[in-house]
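Notes follow once the structure below has been shown.
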Amino acid sequence: MSDIDVHVCEVGLRDGLQMLSTFVPTATKLEWIRAEAAAGMREIEVTSFVPPKLVPQFVDAADVVQGALAIAGLTVLGLAPNLKGAERGVELGVHKLNFVMSVSRTHNLKNVRREREESVADFRRIADMLRTLPAERRPRLIGGLSTALGCSYEGPIAPDDVRRYAAALAEAGADEILVADTVGYADPNTVRSVFRQVMAEVPELPVGAHFHDTRGLGLANVTAALDCGVRRFDASLAGLGGCQFAPGATGNIVMEDLCFLLDSMGLRTGVNLEALVAVREIVARALPDTPLYGGLGRAGLPRGYVPAAQRAAAHSC
Ligand code: COA
Ligand code: ZN
């Protein structure tokens with residue numbers, strides 16, 4: 001039996017850093033990754049395989065991946081927007097590749113300079129390339145659908161388009177689908193509607209959620225996704241995050257608060273909440289001018305709080 005009820009994935013080192021002009025030194029990124037893994041985080045998206053000319057923050061992708069792969073038990077992810085990025089990830093030995101395309105045509109053109117159908121074709125090339133690899137070298141492939149719940153260029157996004165692209169990526173060879181509210185347009189009702197439709201479209205695949213807290217509905221959206229059966233969530237420490245090609249996008253949902261919410265609902269994440277909050281110190285030192293968000297970081301755990309794993313153990317005695 002698994003000791004985890006919900007999988008959480010730290011994306012702060014990718015989503016959180018991609019917009020910042022401050023380069024975070026490689027040693028600091030690795031200190032952050034090691035500390036968060038030690039707090040029980042099992043999946044971390046550690047970098048992005050994009051042209052360093054475009055996003056200098058990820059010029060050290062190779063060193064960061066290498067350092068992260070040395071951590072026992074950690075699943076190491078990297079973002080790949082195209083075949084070249086996926087090839088870099090495979091060469092370095094990441095466990096999971098997070099491919100992104102946007103459901104919004106305008107955002108896809110701005111972000112990856114492709115028509116959506118060209119991105120699907122890119123995804124197919126990646127999946128075909130991965131199939132030629134021996135199983136032990138083949139990373140799992142996530143089909144990420146950005147701006148799936150709204151777009152700051154186009155406004156509302158048709159759920160039919162989200163379904164259609166989820167089906168296209170599943171058919172091409174995705175191991176998981178990730179539905180992303182890149183600019184924080186979602187609300188719980190939309191989340192329920194879109195996730196139900198996507199999950200019915202690709203019933204054979206796990207469907208994860210990636211929410212931004214732009215308008216304060218991030219954790220409410222998590223509970224709506226939980227109602228639909230979603231058991232995989234991205235979040236970032238201290239709520240860092242944003243996309244340079246999506247005006248108005250702010251940070252991801254706060255990892256500490258996500259883990260606290262899940263834990264309070266009796267859903268185990270494997271993460272030690274106090275140890276996770278302590279990792280904020282590393283980020284605060286590295287980015288003194290960047291605001292850090294989060295209720296748990298500000299207020300701490302309620303007095304006498306008993307974590308879900310201990311409550312479960314007490315029940316089973
Ligand atoms: N990693 C490193 N270099 C890459 C690369 C990758 N993943 N993809 C392309 N390149 C290089 C090419 O080799 C080429 O180099 P050259 O000029 O020395 O020949 C150059 O970049 C241009 O290649 P091209 O295929 O024409 O790419 P592009 O200029 O159309 O850019 C993307 C396409 C997808 C690579 C770029 O738009 C991108 O990285 N977008 C993602 C932006 C982002 O990080 N968004 C936030 C996360 S969702
Ligand atoms: Zn994001």
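First listed ligand is number 1; within each ligand, the first listed atom is number 1.
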- request: Please indicate whether Q197 has more than 12 foreign heavy atoms, meaning atoms of other residues, nucleotides or ligands, lying under 6.0 Å from its CD.
  value: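 Atom CD in Q197 is packed in, count exceeds 12.
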
Proximity to ligand 1 by part of N82, non-hydrogen separation under 4.0 Å: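 N82 to ligand 1: side-chain contact only, backbone stays beyond 4.0 Å.
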
- request: Kindly work out whether a path of hydrophobic side-chain contacts (I/L/V/M/F/W/Y, heavy atoms less than 4.5 Å apart) joins L217 to V222.
  value: no

task: Say whether F233 and L145 are linked into one hydrophobic cluster, either directly or through other cluster members, by side-chain heavy-atom distances under 4.5 angstrom.
output: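 In one cluster with F233: L145, yes.
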
Would [X] count as being in polar contact with ligand 1, using the rule that some N or O on each side must be under 3.5 angstrom apart?
X: Q18; result: no
X: G85; result: yes
X: N111; result: yes
X: R113; result: yes

Applying the side chain to side chain contact (heavy atoms under 4.5 Å, CB included) criterion to [X], which one of [options] satisfies it?
X: L77; options: H95, E45, R140; result: E45
X: V198; options: L205, V230, V179; result: V179
X: V271; options: L262, V8, D263; result: V8

task: With the Zn ion (ligand 2) as the reference point, give the N/O/S atom of D15 that is nearest.
output: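 Distance check against the Zn ion (ligand 2) picks out OD2 in D15.
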
query: Considering only N, O or S atoms, which atom of H212 is nearest to the Zn ion (ligand 2)?
result: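 Considering only N, O and S atoms, H212 comes nearest to the Zn ion (ligand 2) through NE2.
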
query: Looking just at side-chain N and O atoms, do Y165 and E117 make a donor-acceptor pair shorter than 3.5 Å?
result: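 Checked: Y165/E117 side chains pair up, N/O donor to acceptor below 3.5 Å.
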
- prompt: Just which atoms of ligand 1 are under 4.0 Å from any heavy atom in P81?
  reply: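 Heavy-atom distances to P81 below 4.0 Å select 34 (C), 39 (O).
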
field: Element-labelled atoms of ligand 1 that are located less than 4.0 Å from some non-hydrogen atom of F49
entry: 1 (N), 6 (C), 7 (N)

message: If I take every N, O or S atom of D234, is at least one of them less than 2.8 Å from the Zn ion (ligand 2)?
response: no

